[in-house]
Structures are given as C-alpha cells and as structure tokens.
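Quick notes on the structure that follows.
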Amino acid sequence: MWASCCSHLHHRPPLVYQSPHLLRASAVSPSKPTSQNRAIQSLCLRGQLRQALLLLDREPAPSQRTFEALILSCARHGDPESSSLSSLVYRRLVHEGLDQDPFLRTRLIEMYSQLGSLSDARHVFDETRDRTIFVWNAILRALAMADCGEEVFPLLRKMGEEGNQPDSFTLTCVLKACVARSSRADLASARVKQVHAFAVRQGLSSRVHVATALVDVYAKLGELALAQAVFEGIPEKNVVSWSAMIGCYARNEMGFEAIELFREMVGCGEAAAPNPVTMVAVLQACGSLAALEQGRAVHGFVLRQRLDGILPVGNALIAMYARCGRLDAARRTFTAIGARRDVVSWNSLIAGCAAHGLGGDALRLFEEMLSAGVQPSSLTFVSLLGACSHGGLVEEGRRIFNSMASKHGVAPQAEHHACMVDMLGRAGELEAAARVVEEMRIEPGPTVWGALLGACRIHSQVELAERACARLFKLEPCNAGNYAVLAGIYAGAGLWPEVARVRKMMEAKALVKLPGRSWIEIGRHALLFVAAEGNSQGDQLQTFVCKLAAEMKSSVGYVPETRAVIYDLREEEKERILLGHSEKLALAFGLINSGPGEVIRITKNLRLCEDCHSFTKFVSKFTKREILVRDVNRFHHFRDGQCSCCDYW
Ligand code: ZN
Ligand code: ZN
C-alpha cells in the first residue's frame, strides 16, 4: 500500500487552478473575470451569501473562482439553510458543466464535511471521475474528521490501486484515522508504526505537519518515548508541534515535563508563541500536579497574552484551580466567564465540588445548569454521582442515577454504575452495591468491579473482595493495584497465608505495585517524595517524622494503623514501614519549610493510606496547621484533628 515515491507535496491546489475541464467548459477565462464575477466573490467574502446567489442568477458565465467563493461561503455559513443554498450552487455548477472540475469537487467535499454531511461528501467523491490527490485527501480528511476511521483504510488501498500515491497530507489524515474512536484500538499501534515507517522511507517524516501528527498519535497511544523522539527530530518546531508534545506529557501524567517544556517554548520567543491549545495543555498539567503557584503564573501569562476570553482556556482555568484545591478561585473564573459557559465549564466546577466532598453545592450547581438551559453530558453525571458519593448523599445519588436516561437522555455507562457501587459501598450498603453490579444491563467492566473492591476494603469484606478480584484478575491481569488491595484486606483480617498467596501471584507475573509518590509545592518548585519503606533511617526528614510520631503518641494519643501493612512483621517493624510513606515525608518537609499561617498542600498519586490519614489528622491538631491533601480520589482538608472526608475516602 505504501509503495513507490510520491510527487504531490502540496496540501491544497493553488487558488486559480487551470483545470482542463474548466478551459473546455467556460467561455470566460478565469484570468479575466467579469465585474459581476468579482462582485459575487466579494459578497461571498463578506458573508452575504443570499445576495451573492441573486447576482449569480444574472451572471451568464460564472468563473471557477466564483464557484469556489460560493462553496467556501456555504461551508462558513454552517446553518440549516446552507444545505438548500449549497444545492442551489451545485445545480448551477452542473448547468455550467463545471461539476466534474476536480478542484471544485475538492472544495465541495470539504464543504459537505464542514457542514457535517458526510454522505453528501462521499457522494461527490464517488461521482468524481478524475480523482486527483487533492480529491483523495479531501475525502480521507472528511472521514477522519467525522470519526469514521475504519472507512479510511479500504479507501487508502483503493487509492493505491488507482495509481495515486499518498502525500504528506494523506499521511496526517491516515494517522488521525488510526487513533479515531471508531477505529480498531488493537490495530492502532501497528498501523501508526506502518505509516511512520512509510513517512521515513519517503523522506516525509520530518515535515512539521507529519511529525506533529506523529507526536499526537503516539501521545494518544501512550508511546511517550516515540513521541519524544519524533518531536526532538523536528528541525523547525511550530506552535502546533510544541503544543502536541506538551499535551502529550500532560495527558500521560508527566506534568513536570509538560511545564518544563512550556518554559522552554516561551524561552524560544516569538517563533513559537503559545496559543489557546498550548495553554489548555499546560493548565491541565498544573492541575494534575496541583501545582498552584505554577498555575497562577500560567494564568498571569494567559492574561498578558489576552487569551482569557477564549472559552476552552477559561474552562481549563476553572479545572486547574479546582484541582489545585482553590475552589474559590475556580468559582471566580466560572463567574467571570458569564453567559458563555458551556457544559465543560459547568462540569469542571461540579467535578471540583465533588472532589472536595461538597455534595450539596454540586447538586445546586446542577439545578442552576439545567435552568440555564445547558444539556448535561455523561461526564456531568459522573461528577454528580461522585459528589453524592463523597458527600454521603445516598438518596440524592439514587434519584439522579434513576433520572439520567428518563429525564436527561443520558444512558448510564459503566462509570456511572461504578459511581453508584462506590457510593453505596461507602455508605455501608454492600449488598445493594453488589446488586447494582448484578443487575447491570451492560457488561460490568474493571471500573465497576474495582469500585466494589474499594468498598470491600473500607468494610473489610473478605468474601465479596475475593469475588470481585476473581473478575478483576481476568479483566486486568496486570493491574498490580488490585492484587495489592486484596493483599491489604487479607492482612487486615490476619489471613497471612492468603497474603503470601497473592504476593506469589504478583511475583509470578512480575508485577510491581505503583510506588507511592507525593509532592509538595514550595514557592514555584514542586518537590517529589518517594516512599522510603524504612530504609533511609539516617535521613533528616525520616528522623523528623519519627520524632513527631513519638511526641504525638505520648501527648495526643496517636496510634499507628498497622492493619493494612501486607508484611507479617512485628508491630515496630510495621510502624517503621508506615513512617517511611511518601506523604509523611512531604508533610514533614512542608512543616519545616513553611510559616505558621500557611496552608500545607500535598498531592499523592495513590489513595491515602489509613495510617497517613490518621497521622495527618493528629498533626493538624498537634501543630495547629491546616493541611490540604489531594489523593487519587479526592481532597482531604485537615483542620484541628478532623478531615473533611469524615474518614470515608
Ligand atoms: Zn501512608
Ligand atoms: Zn480525609
């Protein structure tokens, strides 16, 4: 399919394309347009399509350029009446005998694609006799844009059979199709690598748009090293390539790298000025790291570049502040956006309330959203159900879940069921949670079983946990987290032979539990801590943690929660392991390096363990400090010996 060389290197044909059909069909040479032709073109440019069409009726010989202007204007119009206007243009095109002009047919395909009418685009393509590379690229792009990825590949074969070789723009369309939602996920990686190899053979791989498309698809496939290698090989990076790489890091939990690359990009000056896409990616990175100071600095940059009026940037700011634990700032941004708010703006703020356990606020926002006439999406309900779960609002959660399909036309998916299982599980209604799983009309996936397993951990339910794991080990054989949770549940119940059995299973599969990582932002620097597992006794922070634990034991009654340690050891050994947890090291660092009134903000990549949770509660009381911890599930706001999660997380 990717055979010999290809000579077509241009994306679009030159504006005046001297088609043989055109010269045969039209009495008026396009190089000498009549004044009427010029008038039609200028009306089109100004968006006055109807007036242009009135004038077209009186023009005896409309030129190719005039038709192009009309088609582009129809595409820009983009409202329901454009289809009737575009068919007027098409009829006249046929009448003039210009309908087989390959240049105009390319434009027609693009127009129908933009108007969302893929069947019309496909019809124009099928009826085209002289299929130039531009015609091919137009239909391939239309299919890729309409998320009809799987249709691209047979067409590509046909393109080869008809003797057309793919050019660099064909490749970008095909790459997009490889990772389209509708395309086969199991073939994506192999297909992308095939296109990449072809691009290298043809000397097209360093062209900035091909390379950028490669970075983008490798990012989507989670192939970071390949994305990086392609990015570094681009000789002249433009804003799109920078944004693709920053977005790649942001999406793949490499926030530090994303922010670093953004700094480098800004350092390059005018040549690659960040655009809204860049800002959305870097704000996403700040949010995932809970890097508030970095996020604020980026917000400042957004204001200086006057990008704050752009809705996706505003939405990214809401999400960033909410994820950094500054719901107040998220609300201010939300208010500032005003009436332009879309479903993403509402979802971001509702998700923020959910993460803070503010169920009531989330429900009120939802009501406001409905009154504002904004249609909720599937994601809105994930956030809402999450808010009910973290806020302990079981009845409201049930009501919302039951109203999803009937009232809002959103069919509950696996993740909504997972939220219900989580909510009922937290509330101690384990039987009801198990029933939700049994009664699902769709196949319960790993998220659902994982939620049930999480509920079993909270309530130390060995039998139900075993049932959930029997499914999870089949669905996700390589997810070390599931094995670790089951081992923890066994350990809590003192079933040491069972713990050993699970650990053997992990060893047999060479699975390693994701190491606990916590970070804390001091000034504009984020410091990362990794679990010490008790082997760095000499470390200054470790000593600080041990001293603090000892003082709290004797003065405020702190008792280490050793139940979930999955090693059958003496109590002192278990305590030593717990004291090496990354969040305790980060907390110690925060206590040493910040002033009395400052809120200490810590982020953890996993769920906060029972002992760290209890330890932090005691620290908040003992040191009279406010501590905000974001774990993988939610925010924990520790104040005066209490946590905002009320000990369910
Ligand atoms: Zn811990
Ligand atoms: Zn908590």
Side-chain angles (χ1 to χ4, degrees), residues 1-15 17 102-103 105-106 109-110 113 125 128 130-145 148-180 183-245 247-248 272:
M1 146 169 60
W2 309 106
S4 65
C5 153
C6 132
S7 55
H8 305 274
L9 300 175
H10 298 287
H11 180 205
R12 281 157 199 275
L15 203 60
Y17 177 90
F103 171 58
R105 291 192 85 81
T106 306
I109 294 171
E110 288 167 354
S113 159
F125 172 78
T128 304
D130 183 8
R131 289 177 188 157
T132 61
I133 183 76
F134 310 114
V135 172
W136 280 103
N137 283 350
I139 190 67
L140 293 172
R141 191 165 39 244
L143 288 167
M145 301 251 290
C148 297
E150 224 33 68
E151 286 178 44
V152 162
F153 305 102
L155 215 54
L156 198 62
R157 264 193 298 281
K158 204 166 166 209
M159 180 179 176
E161 285 159 17
E162 290 188 13
N164 273 295
Q165 283 307 311
D167 69 3
S168 62
F169 291 95
T170 318
L171 298 190
T172 59
C173 300
V174 176
L175 285 169
K176 201 178 256 170
C178 291
V179 295
S183 292
R184 284 184 57 181
D186 56 333
L187 296 181
S189 181
R191 280 171 169 168
V192 168
K193 283 172 188 153
Q194 201 186 354
V195 179
H196 190 176
F198 176 79
V200 171
R201 284 201 301 278
Q202 301 302 320
L204 301 172
S205 60
S206 60
R207 281 179 193 275
V208 71
H209 55 278
V210 176
T212 302
L214 279 166
V215 170
D216 205 49
V217 291
Y218 279 133
K220 288 196 176 114
L221 294 171
E223 303 254 26
L224 275 149
L226 287 168
Q228 241 166 340
V230 175
F231 177 74
E232 273 153 25
I234 304 177
E236 282 184 24
K237 301 175 178 74
N238 62 17
V239 57
V240 187
S241 14
W242 283 100
S243 305
M245 195 62 220
C248 168

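FYI, side chains are in, hydrogens and waters are out, and symmetry mates aren't considered; it's all heavy atoms of this structure.
With sequence neighbours excluded, the residues forming a side chain to side chain contact (heavy atoms under 4.5 Å, CB included) with Glu223 are Ser189, Lys193, Tyr218, Leu221, Leu226, listed by chain and number. Partners of Lys176 by salt bridge (charged side-chain N to carboxylate O under 4.0 Å, His left out), not counting sequence neighbours: none found.
The local environment of CD in Glu236 is sparse, with at most 12 non-hydrogen atoms from other residues, nucleotides or ligands closer than 6.0 Å.
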Test Ser241 against Val208 for side-chain contact (heavy atoms from CB on, under 4.5 Å), laying out the working first. CA-CA 7 Å; Ser241 14; Val208 71; 3.7 Å; yes
Show, in sequence, the C-alpha distance, side-chain angles and deciding distance for Met159 and Arg131, and conclude whether the side-chain contact (heavy atoms from CB on, under 4.5 Å) test is met. CA-CA 9 Å; Met159 180 179 176; Arg131 289 177 188 157; over 6 Å; no
Before giving the answer on side-chain contact (heavy atoms from CB on, under 4.5 Å), spell out for Val230 and His196 the whole-Å C-alpha distance, their side-chain angles and the decisive distance to 0.1 Å. CA-CA 10 Å; Val230 175; His196 190 176; 3.7 Å; yes
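Nearest heavy-atom pair, Glu232 versus Lys237, reported as atom, atom and distance to 0.1 Å: O-NZ, 4.1 Å. Among all heavy-atom pairs drawn from Ser183 and Phe153, the shortest one is OG-CE1, 4.3 Å. Between Leu140 and Leu156, the shortest heavy-atom distance links the atoms CD1-CD1, 4.1 Å. Among all heavy-atom pairs drawn from Leu175 and Val192, the shortest one is CD2-CG1, 4.1 Å. Considering every non-hydrogen atom in both Thr170 and Ile133, the closest pair reads OG1-CD1, 3.8 Å. Of all heavy-atom pairs between Val239 and Ala272, the closest is N-CB, 4.5 Å.
At least one side-chain heavy atom of Phe198 sits less than 4.5 Å from a side-chain heavy atom of Pro166. Contact of the Arg191 side chain with the Val195 side chain is not registered, since no non-hydrogen atoms from C-beta on lie closer than 4.5 Å.
Formation of a donor-acceptor pair under 3.5 Å by the Glu150 side chain with backbone atoms of Arg184 is found in this model.
Expressed to the nearest 0.5 Å, how far OG of Ser113 lies from CZ of Arg141 amounts to 8.0 Å. For the atom pair CG (Asn164) and OG1 (Thr132), the distance works out to 7.5 Å, reported to the nearest 0.5 Å. The distance from the OG1 atom of Thr212 to the CG atom of Asn238 is 5.0 Å, given to the nearest 0.5 Å. With rounding to the nearest 0.5 Å, the separation of CZ in Phe231 from CG in Leu224 is 13.0 Å. Summarising the geometry, atom CZ belonging to Phe103 is positioned 7.5 Å from atom OG1 belonging to Thr106; distances are rounded to the nearest 0.5 Å.
Note: Phe169 and His209 have parallel aromatic rings, judged against thresholds of 30 and 60 degrees for the angle between ring planes.
A donor atom on one side chain and an acceptor atom on the other are not found under 3.5 Å apart for Ser168 and Arg207.
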